[in-house]
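Protein chains get the first letters and strands the later ones, always in sequence-line order, with residue 1 at the start of each. In this text, all values refer to a predicted model and were calculated from it rather than measured experimentally.
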Amino acid sequence: DAKTTQPPSMDCAEGRAANLPCNHSTISGNEYVYWYRQIHSQGPQYIIHGLKNNETNEMASLIITEDRKSSTLILPHATLRDTAVYYCIVRARGGGSEKLVFGKGTKLTVNP
Amino acid sequence: GAVVSQHPSWVICKSGTSVKIECRSLDFQATTMFWYRQFPKQSLMLMATSNEGSKATYEQGVEKDKFLINHASLTLSTLTVTSAHPEDSSFYICSARDWGLGQGAEQYFGPGTRLTVT
């Protein structure tokens, strides 16, 4: 079973920031938080990941709480093309064949 | 990011026949590849983990004799659905990890293959 909890759906206005929450209260010390998204009928796309520090890349920002029990993915200026299902996943990093286990994700709809 | 391709992108086959789906890492070597299945309006379900040169590890409930996985090279893994039935109709997605980037390597996904069994 997935180790994360996400709201099933969210709406956002185009041009505004989209803030997607994720609860991972049972996260272990060696587990990272990964975010992927899946646009309809496509393969998932990697967005960002982090351990305990906030992270930012060209796509998004990831804010992880100090106790690491929750995080927020921020799309600073959402566009219609950001409409997708967003998955928050926790996974250990290291050698071996660590698996990405997908939960139900959050369906984000960006409205014009 | 790294590119993973799948072929074919969609396939229609008759019940009882076998179908092979290819997954390739185009610009990196993938020691490990993963196969997922996704039914309409559901999340991705991991089917198996494939390591180059060794047998695949299947998730609980996935029939290894029905879903044959071969990972013969560092850039190619294949999934063969044997004796396909209509209930095997699904979206099959592969992913690969670029170990050349070290332990920080992320997992990249192919575009998926839509299988319809009639």
Return the option, out of B:Pro40, B:Ser9, B:Ser43, with the maximum number of heavy-atom pairs under 4.5 Å with chain A. B:Ser43

Look up atom NE2 in A:His49 and atom CD in B:Gln107, then write down how far apart they are to the nearest 0.5 Å. 12.5 Å

If two hydrophobic side chains count as joined below 4.5 Å and joins carry through other members, does A:Val90 share a cluster with A:Leu62? yes

Taken in chain and number order and not counting sequence neighbours, the residues that satisfy salt bridge (Lys or Arg N to Asp or Glu O under 4.0 Å) with B:Glu59 are A:Lys99

Is there side-chain contact between B:Tyr36 and A:Pro44, with at least one heavy-atom pair below 4.5 Å? no

With a sphere of 6.0 Å drawn around NZ of B:Lys66, does it hold more than 12 non-hydrogen atoms of other residues, nucleotides or ligands? yes

Would A:Leu20 end up clustered with A:Tyr46 when hydrophobic side chains under 4.5 Å apart are linked, directly or stepwise? no

Check for me, please, whether B:Val62 and B:Ile21 land in the same ILVMFWY cluster - side-chain distances under 4.5 Å, paths through other members count. yes

Proximal to chain A - members of residues 109-118 of chain B, heavy-atom separation under 4.5 Å: B:Phe109, B:Gly110, B:Pro111, B:Arg114

Hey, which residues of residues 67-96 of chain B are touching chain A, say heavy atoms under 4.5 Å apart? B:Phe91, B:Ile93

Could you state whether A:Trp35 and B:Leu46 fall into the same hydrophobic cluster, counting links through intermediate Ile, Leu, Val, Met, Phe, Trp or Tyr residues with side-chain heavy atoms under 4.5 angstrom apart? no

Measure distances from B:Gln6 to the heavy atoms of chain A and classify the residue's part below 4.5 Å as side chain, backbone, both or neither. neither

side-chain hydrogen bond (donor to acceptor under 3.5 Å, both in side chains) against A:Gln45, all qualifying residues, sequence neighbours excluded: A:Arg37

State plainly whether one hydrophobic cluster holds both A:Ile48 and A:Tyr36, where clusters connect Ile, Leu, Val, Met, Phe, Trp and Tyr through side-chain heavy atoms under 4.5 angstrom apart. no

